[in-house]
Amino acid sequence: MDETYYLHDEYVEAESEDGFAYEEVAVDEISISSGEEDLDTALHNLRVTKQPAAIEKAPRVSTESHPEVVEDYVRNFFVHMGLHRTMETFQAEWYELMQKGSLGSDHAQQLPDVYSQNRQLQSKMQEMQSQMLSFKEAARMAKEKYVGLKKECDYHRMHHRRVLQEKNKLMADIKKWVDNLHNAP
């Protein structure tokens, strides 16, 4: 078993069967360490590899808010109010008018943003009201628990006072008996 093995770097270029061109990924020599890496070494490597100039700021993404179309507002209102048959009738008539070409561009107006903001505020208000009700219920339960604990505390305090009074009475009785015993002929 005196065979000697030698390791050497060799690059084998293989053609991919899927038609994609694969490239070699360079490995940083700093990230490869011999032995186990401790916290100090990891922090040092992080500071060395971190270059503020290389960090690019991500472009800001902005979203645009488009006003809601009137027909969508009406549909949402019907759904919110639970008027499903009215909504079906509205949709049937609306699509019928669109097929006939009776609706011009003036009927496809966009709803002012105030209405959609009102709807968002109403949904937020309903959510907050439900939270408020749950908080009130939690406060009520906490108050009931506090009252129960206060009554229990008062009961134990009264019991303790009664025990102290009995103890003091018994101590006084024992003292009298001891005095009578010493004064007896």
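What you see below is based on every heavy atom in this structure, not just the backbone, and it leaves out hydrogens, waters and symmetry mates.
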Quiz: residues 130-139 side-chain donor-acceptor pairs under 3.5 angstrom, not counting sequence neighbours:
unit_1	atom_1	unit_2	atom_2	d
Ser130	OG	Glu127	O	2.6
Ser134	OG	Gln131	O	2.7
Glu137	OE1	Arg140	NE	3.3
Glu137	OE1	Arg140	NH2	3.4
Glu137	OE2	Arg140	NH2	2.3

Could you tabulate the donor-acceptor pairs under 3.5 Å formed by side-chain atoms of residues 151-165, not counting sequence neighbours?
unit_1	atom_1	unit_2	atom_2	d
Asp154	OD1	Arg157	NH1	3.2
His159	ND1	Arg162	NH2	2.9

Out of curiosity, Trp94 CH2 to Thr89 OG1, how far, rounded to the nearest 0.5 Å?
15.0 Å
Evaluate the side-chain proximity of Arg75 to Phe90: yes if any heavy-atom separation is below 4.5 Å, no if none is.
yes
Between the CZ atom in Arg119 and the NE2 atom in His80, the distance rounded to the nearest 0.5 Å is 9.0 Å
Would you say Glu144 has more than 12 foreign heavy atoms packed within less than 6.0 Å of its CD?
yes
Atom NZ of Lys176 and atom CG of Asn180: how far apart are they, to the nearest 0.5 Å?
9.0 Å
Nearest 0.5 Å please: distance from the CD atom of Gln129 over to the CD atom of Gln126.
7.0 Å
Is Met81 reachable from Phe78 through a run of I, L, V, M, F, W or Y residues, each pair having side-chain heavy atoms under 4.5 Å apart?
yes
